[in-house]
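Chain naming here is simple, since letters A, B, ... match the order of the sequence lines and numbering starts at 1 in each.
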2 protein chains.
Amino acid sequence: MSAQSDKHAVLCEKLKACDIRPTPQREVVLKVILEKRDHPTADEIFARVKASMPTISLATVYNCLETLVTCGLVRQVNLERAPTRYCPNLQEHAHFHDEVTGKVHDVELPGDFMDRLRTILPAGFDASTVELNFRGKAATN
Amino acid sequence: MSAQSDKHAVLCEKLKACDIRPTPQREVVLKVILEKRDHPTADEIFARVKASMPTISLATVYNCLETLVTCGLVRQVNLERAPTRYCPNLQEHAHFHDEVTGKVHDVELPGDFMDRLRTILPAGFDASTVELNFRGKAATN
DNA sequence: AGTAGGAATTAGAATAATTCCAAATCACCC
DNA sequence: GGGTGATTTGGAATTATTCTAATTCCTACT
Ligand SMILES: [Mn+2]
Ligand SMILES: [Mn+2]
Ligand SMILES: [Zn+2]
Ligand SMILES: [Zn+2]
């Protein structure tokens, strides 16, 4: 079995595990997100995907992204009013937005950090999502 | 001195303290934000302002909001892709976004909470802003 | 294998928050 | 009172995203 079809099988399994049809479009969108640990926008994903699938449409990229986010295979990151970014890192983590370069960095969190954060909520508030974003300058090295 | 001109003087002082000209438009935009402890959008602010100043334009509301946010008299709150909201609460606090009603609630934080949050950043990352957002269901009572 | 029915994809139009622009008005100084 | 830069204004432009309606693709069933 080639490395190609190996990868294909892995992606396919991930999609099927989420009960969504493993279409070629969904597969390639998921692939380009997973193969780099950055935080691309829909446009950037569209550009990367077109390399291997030139006929795909931007609407389909948006459709696939929505599906992948909903089923939890990809995380969505919204910072200020900028275009939505997509994150392959499924561990609980925070984001640091470098205000000089515009890059978004993952910030690892100690074990049960998010759960501990939840404890500051007053009674009656039940959070399904916790989002922690930093913004500032990162050392350039 | 009437309560009216009293309020006027207070708003005026706040603006002057920030080194910005206390124009009637800036004053009324700041007033409607401060007089309710909610998180209105620019549209909502525009609607409220028009009650006392029917000739103001939406562009001016956006201009004023930008000025007020930049000089720190008002906080800007971005949640997901929804329209930007504006917050009169200058204390450090988190936000809870009620996914049923759409309302945004302030969440008070223990004293130096934000500073402690900053300590989880790896060396070389210097955050000027920390943003903590919850999303979920709030008890309806 | 052939086909019906639903899901997914597609191109392009529509939407909507925000920003941009250029002209009019305003405030303050001389 | 005129000059000057700041502010306001209405409308056009921008742009990420969503919507629409038509086409294509799968899959299940006979
Ligand atoms: Mn983009
Ligand atoms: Mn609005
Ligand atoms: Zn991330
Ligand atoms: Zn607030």
Side-chain angles (χ1 to χ4, degrees), chain A residues 8 11-12 15-16 18-33 39-50 52-71 73-74 76-87 97 102 104, chain B residues 8 11-12 15-16 18-33 39-50 52-71 73-74 76-87 97 102 104:
Chain A
H8 165 75
L11 292 168
C12 217
L15 293 168
K16 283 198 274 194
C18 295
D19 275 313
I20 62 176
R21 283 231 300 254
T23 69
Q25 287 86 351
R26 284 169 180 168
E27 235 177 78
V28 67
V29 168
L30 181 56
K31 177 169 83 69
V32 302
I33 294 174
H39 297 82
T41 64
D43 274 354
E44 284 160 2
I45 292 165
F46 183 45
R48 292 181 198 174
V49 161
K50 275 204 282 198
S52 53
M53 186 184 278
T55 59
I56 198 172
S57 76
L58 179 57
T60 299
V61 170
Y62 272 105
N63 289 339
C64 292
L65 288 171
E66 216 225 296
T67 305
L68 296 173
V69 167
T70 301
C71 77
L73 287 173
V74 164
Q76 197 167 1
V77 184
N78 287 112
L79 298 169
E80 292 130 57
R81 303 252 87 226
T84 299
R85 292 166 175 279
Y86 297 87
C87 169
H97 189 200
V104 176
Chain B
H8 165 74
L11 292 167
C12 218
L15 293 168
K16 283 198 273 193
C18 293
D19 273 314
I20 62 177
R21 282 231 301 255
T23 69
Q25 288 85 351
R26 284 170 181 167
E27 234 179 80
V28 66
V29 168
L30 181 56
K31 177 171 82 72
V32 303
I33 295 174
H39 297 82
T41 64
D43 274 354
E44 284 159 2
I45 292 165
F46 183 44
R48 291 181 199 175
V49 162
K50 275 203 284 196
S52 53
M53 187 184 277
T55 58
I56 198 172
S57 77
L58 180 57
T60 299
V61 170
Y62 273 105
N63 289 341
C64 292
L65 288 172
E66 217 224 297
T67 305
L68 296 174
V69 167
T70 301
C71 76
L73 287 174
V74 163
Q76 196 167 0
V77 184
N78 287 302
L79 298 169
E80 291 130 55
R81 304 253 87 226
T84 299
R85 292 165 175 279
Y86 297 86
C87 170
H97 188 198
V104 176

*Asks:* Using only side-chain N and O atoms of Gln25(A), determine if any of them is under 4.0 Å from OP1 or OP2 of dT10(C).
*Replies:*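 Yes, within the criterion.
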*Asks:* Once you round it to whole Å, what is the distance between C1' of dA6(D) and CG of Asn63(B)?
*Replies:*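 Computing the Asn63(B):CG to dA6(D):C1' distance gives 11 Å.
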*Asks:* Measure CD/Glu27(B) against P/dT8(D) and give the value in whole Å, please.
*Replies:* 11 Å
*Asks:* Decide side chain to side chain donor-acceptor pair (under 3.5 Å) for Thr70(A) and Thr67(A); before the verdict, give the C-alpha distance in whole Å, the side-chain angles of both, and the deciding distance to 0.1 Å.
*Replies:* CA-CA 5 Å; Thr70(A) 301; Thr67(A) 305; over 6 Å; no
*Asks:* Let me know, please, whether Arg85(A) or Arg21(A) comes out on the 5' side of the other along DNA chain D by nearest nucleotide.
*Replies:*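 Checking each residue's closest nucleotide, the 5'-ward one belongs to Arg85(A).
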*Asks:* Whole angstroms only, please: what is the CG-P distance between Leu15(A) and dA8(C)?
*Replies:*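 The distance from CG of Leu15(A) to P of dA8(C) comes to 11 Å, rounded to the nearest Å.
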*Asks:* Quick check: does any side chain N or O of Arg85(B) sit under 3.5 Å from a backbone N or O of His39(B), one acting as donor and the other as acceptor?
*Replies:*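 Judged by distance alone, yes, a pair lies under 3.5 Å.
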*Asks:* Nearest of dT17(D), dT9(C), dA11(C) to any side-chain atom of Pro83(A)?
*Replies:* dT17(D)
*Asks:* For a 4.5 angstrom cut-off between non-hydrogen side-chain atoms, does Val61(B) reach Asn63(B)?
*Replies:* no
*Asks:* Heavy atoms only: give me the nearest Val77(B)-Cys87(B) pair and the separation to one decimal.
*Replies:*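 Closest approach of Val77(B) to Cys87(B), heavy atoms only: CG2-CB, 3.8 Å.
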*Asks:* Tell me: CZ of Phe46(A) to P of dT15(D), nearest whole Å?
*Replies:*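 Rounding to the nearest Å, CZ of Phe46(A) and P of dT15(D) are 17 Å apart.
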*Asks:* Would you say Thr23(A) places a side-chain N or O within less than 4.0 Å of OP1 or OP2 belonging to dT9(C)?
*Replies:* yes
*Asks:* Closer to the 5' end of DNA chain D via nearest nucleotide, is it Ala82(A) or Pro24(A)?
*Replies:*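 Nearest nucleotide further toward 5': that of Ala82(A).
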*Asks:* Quick one: Asn78(A) CG to dA17(C) C1', roughly how many Å, whole number?
*Replies:* 14 Å
*Asks:* For a 4.5 angstrom cut-off between non-hydrogen side-chain atoms, does Pro24(B) reach Val28(B)?
*Replies:* no
*Asks:* With side chains defined as the heavy atoms from C-beta onward, is the minimum distance between Glu80(B) and His97(B) less than 4.5 Å?
*Replies:* yes
*Asks:* Could you give the CG-to-P distance, from Leu65(B) to dT19(C), as a whole number of Å?
*Replies:*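 Rounded to the whole Å, the gap is 10 Å.
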*Asks:* Sub-3.5 Å donor-acceptor pair from the side chain of Arg26(A) to the main-chain atoms of Leu68(A), do we have one?
*Replies:* no
*Asks:* Base, sugar-phosphate or nothing for Thr60(A)? Non-hydrogen atoms, less than 4.0 Å.
*Replies:*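 The answer is base, as Thr60(A) lies within the cut-off (heavy atoms under 4.0 Å) of a base atom.
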*Asks:* Anything under 3.5 Å between a protein N or O and an N or O of nucleotides 18-24 of chain D, put it in a table, one pair a line.
*Replies:*
none

*Asks:* Would you mind reading off the distance between Ile20(A) atom CD1 and dA8(C) atom C1', rounded to a whole angstrom?
*Replies:*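 These atoms are roughly 12 Å apart.
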*Asks:* Rounded to whole Å, how long is the line connecting atom CE of Met53(A) with atom P of dT10(C)?
*Replies:* 7 Å
*Asks:* Considering only dT10(C), dA17(C), dT8(D), which nucleotide approaches the side chain of Asp43(B) most closely?
*Replies:* dA17(C)
